[in-house]
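We're numbering straight along the sequence, starting at 1.
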Amino acid sequence: MSLTREEQETVILFDNDSDEARIYTASPQMMKKLETFRKNYPDCYRIIEQTDCSKTFVCPKNLITLRKPRMETAEARARKSRRMREFNLKKKPDSVS
């Protein structure tokens with residue numbers, strides 16, 4: 001069964017009483033990521049339901065995070081860019097002519 005990109009959703013559910021979060025996903029990218037987490041951290045991630053096009057995982061809800069966006073000025077971005085160019089130039093071996 002093939003799902004449209006719109007149908008390939010991920011839903012994260014948790015409440016104040018539970019210590020676990022449920023992650024339902026029909027997104028192949030998210031399934032792959034969560035499968036990797038499950039294999040590397042079997043104490044934290046487990047599958048509780050699976051169909052031919054979706055999986056539902058459970059994990060401790062403290063692993064679910066929301067972050068504020070990083071606000072950077074154009075000047076700060078330019079400084080970072082300049083530092084990275086300088087770093088890359090130093091990293092390249094001198095070419096012999």
Side-chain angles (χ1 to χ4, degrees):
M1 174 183 229
S2 182
L3 300 176
T4 66
R5 290 187 57 78
E6 188 174 276
E7 293 171 322
Q8 294 175 6
E9 65 184 1
T10 299
V11 179
I12 302 171
L13 298 168
F14 59 87
D15 57 47
N16 290 336
D17 288 339
S18 176
D19 293 334
E20 291 186 324
R22 295 171 62 105
I23 306 168
Y24 163 84
T25 186
S27 163
Q29 297 89 349
M30 188 60 74
M31 274 191 259
K32 184 177 179 182
K33 185 175 196 166
L34 288 165
E35 276 294 340
T36 302
F37 287 168
R38 186 182 68 82
K39 288 176 186 166
N40 293 335
Y41 308 101
D43 296 347
C44 295
Y45 292 88
R46 66 184 193 280
I47 295 177
I48 59 168
E49 196 174 319
Q50 184 172 342
T51 68
D52 59 336
C53 62
S54 70
K55 293 182 182 180
T56 302
F57 294 83
V58 174
C59 71
K61 73 178 179 183
N62 67 341
L63 297 178
I64 307 296
T65 63
L66 300 173
R67 298 184 200 125
K68 64 180 181 178
R70 184 187 321 182
M71 300 303 213
E72 246 181 354
T73 65
E75 184 180 306
R77 279 194 302 277
R79 278 195 312 268
K80 280 185 178 179
S81 178
R82 196 169 37 253
R83 280 197 313 263
M84 188 53 88
R85 268 197 306 277
E86 291 169 5
F87 174 78
N88 286 332
L89 286 174
K90 289 178 185 177
K91 196 169 80 167
K92 287 184 182 178
D94 294 333
S95 48
V96 178
S97 300

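Contacts of F14 classified as ring-ring contact (aromatic ring centres under 6.0 Å, His included), with partners at least two apart in sequence or in another chain: none. Listed by chain and number, the residues in a salt bridge (Lys or Arg N to Asp or Glu O under 4.0 Å) with E35 are R38, K55 (sequence neighbours excluded). Looking at residues two or more places apart in sequence or on another chain, you find no ring-ring contact (aromatic ring centres under 6.0 Å, His included) involving Y41. Judged as a side chain to side chain contact (heavy atoms under 4.5 Å, CB included), and not counting sequence neighbours, the contacts of E7 are L3, T4. T25 pairs by the side chain to side chain contact (heavy atoms under 4.5 Å, CB included) definition with T10, S27, M30, M31, L34, F57, not counting sequence neighbours. For the side chain to side chain donor-acceptor pair (under 3.5 Å) test, residues two or more places apart in sequence or in another chain that qualify with R85 are S81. Every residue meeting the side chain to side chain contact (heavy atoms under 4.5 Å, CB included) condition with P28, not counting sequence neighbours, appears here in chain and number order: Q8. Under the rule for a side chain to side chain contact (heavy atoms under 4.5 Å, CB included), M71 has no partner lying at least two apart in sequence or in another chain.
A side-chain hydrogen bond (donor to acceptor under 3.5 Å, both in side chains) check over residues 63-76, counting only residues at least two apart or in different chains, returns the pairs E72-K80, E75-R79. The salt bridge (Lys or Arg N to Asp or Glu O under 4.0 Å) contacts involving residues 12-32 comprise E20-R46, where partners must be two or more places apart or lie in separate chains.
Between S18 atom OG and L13 atom CG the span is 10.5 Å, to the nearest 0.5 Å. Interatomic distance, F37 CZ to L63 CG, rounded to the nearest 0.5 Å: 9.0 Å.
Within the hydrophobic cluster formed by Ile, Leu, Val, Met, Phe, Trp and Tyr side chains joined at under 4.5 Å, directly or through other members, M84 is accompanied by F87. In this structure, I48 belongs to a hydrophobic cluster whose other members, linked by side-chain heavy atoms under 4.5 Å apart, are V58.
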